Amino acid sequence: MAEQADFARRYGSWAVVAGASEGLGAAYADELAARGLNLVLIARRSEMLQALASDLSKKYVVETKTLALDLSSASAAEQIAEHTNDLEIGLLIYNAAFSAIGPFLDRPVEDHLKEIHTNAFTPLKLIHLFADRMIVRGCGGIVLMSSLSAFQGSAYISTYAATKAFNIVLAEGLWEEWRERGVDVLVCISSAVRTPNYVASEPEQTGGPGAVTMKPDQVVREALNALGKGPYVIPGRMNRVASFIMRHFLPRKVAVRFMGKVLRDMYVK
Ligand SMILES: NC(=O)c1ccc[n+]([C@@H]2O[C@H](COP(=O)([O-])OP(=O)(O)OC[C@H]3O[C@@H](n4cnc5c(N)ncnc54)[C@H](OP(=O)(O)O)[C@@H]3O)[C@@H](O)[C@H]2O)c1
């Protein structure tokens, strides 16, 4: 209980969850409401956001607001700023992502640019927007979602993995810049998670090399418990071991080829 109060004091009174309508985003919303934070829930599907907001308001004593918009649009951050101006945002969770799976040239260049917009451009703008006020207040938190695919080039999801590498390096740098100014930055580097999005991608097998597929609530709890303790977290013990081996014992070229084979088996049918 004391821990929950401490979390709400440090990262309240409002959290923004970008990409909140289902899967990991909805799990973040549930866990944050349980920890006493009010929520701004953002995604494209308005009815799903409203259903989640009403569910959370019944389960917990929190306020919720929903905002239906496309995070890949150039003006997404400005629209969010306009709708949250009067709120004290203590925590930003950027969960939304777009992944154009398949051979690079099979996808129009617009899909690759949409990955950059959704996964890198908008989170960067939102961090700039919210961290500014957090630094002035001397407290707050930012959580970015990344993927084990970002630790090396990952064939058939090359642009996605590159945007996720951007998130890792950005979060680590900002963690160092702001850790003594009261603002905690964390990147959650996840293995496969059974979200509707992941299941819809119809992978032939689950997980990466040695990695374990997780449930959204497990990932979210590990991420929020790690906030304030370091720049990154890899949820799941087996995933930490598999990733350590990939990064420290395999030559980079071998890791890239290994990942390429796993992804080819998963997605290139
Ligand atoms: N699932 C995995 O296996 C896995 C593995 C490693 C890392 N991750 C990372 O974890 C995060 C979430 O995972 P997920 O992809 O499985 O998704 P998810 O948590 O199931 O849902 C993605 C959420 O983002 C929203 N969203 C997506 N594009 C959006 C857009 N353009 N504008 C507004 N909202 C948008 C979706 O809602 P609407 O459709 O209603 O907009 C949905 O609420 C991502 O950052 C991903 O890179 C996932």
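All values below come from the heavy atoms of this structure, side chains included, with hydrogens, waters and symmetry mates left out. All values derive from a computational prediction rather than experimental measurement. Every number for a ligand or one of its atoms is a count from 1 in the order of the listing.
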Side-chain ion pair, Glu88 and Arg133, N-O less than 4.0 Å: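 A salt bridge is absent here (no side-chain N lies under 4.0 Å from a carboxylate O).
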
Main-chain N/O of Ser73 paired to Lys114 side chain as donor or acceptor, under 3.5 Å: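 Side chain of Lys114 to backbone of Ser73: no pair is present.
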
Could you pull out the N/O contacts under 3.5 angstrom between ligand 1 and the surrounding protein atoms?
unit_1	atom_1	unit_2	atom_2	d
ligand 1	1 (N)	Val193	O	3.2
ligand 1	1 (N)	Thr195	OG1	3.3
ligand 1	3 (O)	Val193	N	2.8
ligand 1	3 (O)	Val193	O	3.4
ligand 1	15 (O)	Asn197	ND2	3.0
ligand 1	16 (O)	Thr195	OG1	2.5
ligand 1	17 (O)	Asn197	ND2	3.4
ligand 1	19 (O)	Leu24	N	2.9
ligand 1	19 (O)	Asn95	ND2	3.2
ligand 1	28 (N)	Arg44	NH2	3.3
ligand 1	31 (N)	Asp70	OD1	2.8
ligand 1	32 (N)	Leu71	N	2.7
ligand 1	37 (O)	Ser21	OG	2.8
ligand 1	39 (O)	Arg44	NH2	3.0
ligand 1	39 (O)	Arg45	NE	3.2
ligand 1	39 (O)	Arg45	NH2	3.1
ligand 1	40 (O)	Ser21	OG	3.0
ligand 1	40 (O)	Arg45	N	3.1
ligand 1	40 (O)	Arg45	NE	2.8
ligand 1	41 (O)	Arg44	N	2.8
ligand 1	41 (O)	Arg44	NE	2.7
ligand 1	41 (O)	Arg44	NH2	3.4
ligand 1	43 (O)	Ser21	N	2.9
ligand 1	43 (O)	Ser21	OG	2.7
ligand 1	43 (O)	Glu22	N	3.4
ligand 1	45 (O)	Asn95	O	2.7
ligand 1	45 (O)	Lys164	NZ	2.8
ligand 1	47 (O)	Tyr160	OH	2.5
ligand 1	47 (O)	Lys164	NZ	3.0

ring-ring contact (aromatic ring centres under 6.0 Å, His included) against Tyr94, all qualifying residues, sequence neighbours excluded: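 ring-ring contact (aromatic ring centres under 6.0 Å, His included) check on Tyr94 returns nothing, list empty.
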
Distance flag, aromatic centroids of His117 and Phe98, threshold under 6.0 Å: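 Not close enough - the centres of the two rings lie 6.0 Å or further apart.
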
Gln50 versus Ser46, side-chain donor and acceptor atoms under 3.5 Å: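 Per modelled atom types, Ser46 and Gln50 side chains form a pair under 3.5 Å.
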
Short side-chain donor-acceptor distance under 3.5 Å, Thr195 and Asn197: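 No donor-acceptor contact under 3.5 Å links the two side chains.
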
